[in-house]
Amino acid sequence: MGTLIALLLIVLALVSLQGGQNKEWVSLEYSVSNPSADDWIGVFSPGNISASSCSPENPRTFPPFLCTSPIKYQYASYSNPHYKDTGKGSLKLQLINQRSDFSFALFSGGLFSPKLVAVSNIVAFANPNAPVYPRLAQGKTWNEMTVTWTSGYGINEAEPFVEWGPKGGQQGHSPAGTLTFDRSSMCGAPARTVGWRDPGFIHTSFLKELWPNTMYTYKLGHRFLNGTYMWNQMHQFKSSPYPGQNSVQRVVIFGDMGKDEADGSNEYNQFQPGALNTTNQLINDLENIDIVFHIGDICYANGYISQWDQFTSQIEPIASTIPYMLASGNHERDWPGTGSFYGNMDSGGECGVLVQNMFYVPTVNRDKFWYSTDYGMFRFCIADTEHDWRQGTEQYNFIEQCLASVDRQKQPWLIFLAHRVLGYSSDASYADEGSFAEPMGRESLQILWQKYKVDIAIFGHVHNYERTCPIYQNICTNNEKPFYKGALNGTIHVAAGGAGASLSEFTPIQTKWSIFRDYDHGFVKLTAFDHSNLLFEYKKSRDGKVYDSFRISRDYRDILACTVDSCPSMTLAS
């Protein structure tokens, strides 16, 4: 058996992990007597691993085929092209606080037949159970903000709460509710088997009666039974404007981002090469963003539970500062026999449990992942494409109620959001089906979009960017492209699923309604300057520059104006 020489450098890393941070780099050095090109090193947490092999149970279980799945892994030759000859190498790896200790293990035999060669000593953060990764979300009313975070403390050990108040003003305490779940809550492999990892405890506190557009500070806290406290660092956020408030309001929307490793490591379901670029662009421009909507396919954990910690760590600089709102996608919810509209295995056995617990959304029922939320001059209606949306269903009724109930004089900008494309897309997969969208999508919903004059419908799922003309029943209702003045007479449809996951091809068919296509990673931004002027921008993730844009300029009377199927019949009586 070879020797893994990692003791000295890992002990030095342990000293740095005790500095109170929740993200640190460690260095590994290793030497093996019989090196091979397919040797690899896995990062395991908890550190007491089982090296037993487990055969894949279904197509959603991927190599390395171990009964204890590594959080991530890297080939031993990654930083030394001569490793096969010398047997020596080194790695720099980034760790995040995940409520347990870590070890590093060297394997031969590749990913399909791994054989343990050696295991390092254990390293750990100073407090593995510390409160981490706060994520904000709007509550069920405009003047409520929720804070969700993860810790290793159950309510029998410590009471969770948030200390908060106006910036520079008096601070108060709000208690937090606590959720968790166990392996039996998962619907199948790998989530229920090799991908399972204890999620810790998820806490949510509700900060109520906020003054609009006001800066607040907050700290996560846990009070132990002996009266001592554990604190997270101070954060701040700006409260939402009240419905109809006339202020500049900036919204970023994208789907299918996922996560990636800053140290170049490999992970299960690794096909989101644009995720870090998108994340970093948002972080760099955070002072010019008020709220984010991530419309499905959140982190692509697909049953490897530890990756939800990796994702919440990745977006912490964003989600701890501005509301991070979600829609549910196929990679969060779909699993056979669990009530999802599509009977595939895309969630890897999670069947919605992870997304429903790790993040707060202002739904009535967390499994029915549809809701509305107001942000100043915007009304957002968020649909759940993984449940039936067709006419006569509970969700269809919700969508109509959401669209019908908005006061367009106060909130002129009406936006429909969903994961799968229910409107229009030139993605090759949809074109091959002949529907250019999800079958039955437009047939069920376009009458509502038209009747209630939805301005823009934005979707994910297809990993590219596309914008249509204002359209109804496959006909462009306005032939302008960069500037729309007056009534749109239809809805502009946007595919914005290129935030991170591997890109998907467009069909070569040139449709009349497709104005702009881009095969690249990116996201969209809406800026409402006032009740009459809206700017739409598409930005690439690699440089943050604008590659497509348009403006809408109109008055309230333009919203009231009738067009095809948007007004009831009029009487001719005087």
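Throughout, numbering of the chain's residues begins at 1 and tracks the sequence.
- With ring centers used as reference points, Trp389 lies 6.0 Å or more from Phe416.
- Minimum heavy-atom separation, Thr150 to Pro199: CG2-O, 3.7 Å.
- Checking Asn464 against Asp518 by side-chain atom types alone, no donor-acceptor pair falls below 3.5 Å.
- Seen from the ring of Tyr342, Arg420 counts as a face-on cation partner, given the 6.0 Å and 45° thresholds.
- The aromatic ring centroids of Phe104 and Phe44 lie 6.0 Å or more from each other.
- Taking the six-membered ring for Trp and the full ring otherwise, the centers of Phe107 and Trp40 sit less than 6.0 Å from each other.
- Annotation: cation-pi geometry satisfied between Arg135 and Phe359 (NZ/CZ under 6.0 angstrom from ring centroid, within 45° of ring axis).
- Atom CD1 of Ile298 is separated from atom CG of Asp256 by 8.5 Å, given to the nearest 0.5 angstrom.
- Note: His521 and His463 fail the aromatic proximity criterion, with ring centroids not under 6.0 Å apart.
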Stepwise side chain to side chain contact (heavy atoms under 4.5 Å, CB included) test for Ser108 and Ser36: CA-CA 7 Å; Ser108 63; Ser36 174; 5.7 Å; no
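- Taking the six-membered ring for Trp and the full ring otherwise, His294 and Phe254 have centroids separated by under 6.0 Å.
- For Tyr300 and Phe271, the ring centers are positioned less than 6.0 Å apart.
- The closest donor-acceptor contact from the side chain of Glu57 to the backbone of Cys54 lies at 3.5 Å or more, if one exists at all.
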Verdict with reasoning, Leu207 to Phe237, per side chain to side chain contact (heavy atoms under 4.5 Å, CB included): CA-CA 11 Å; Leu207 315 184; Phe237 67 88; 3.8 Å; yes
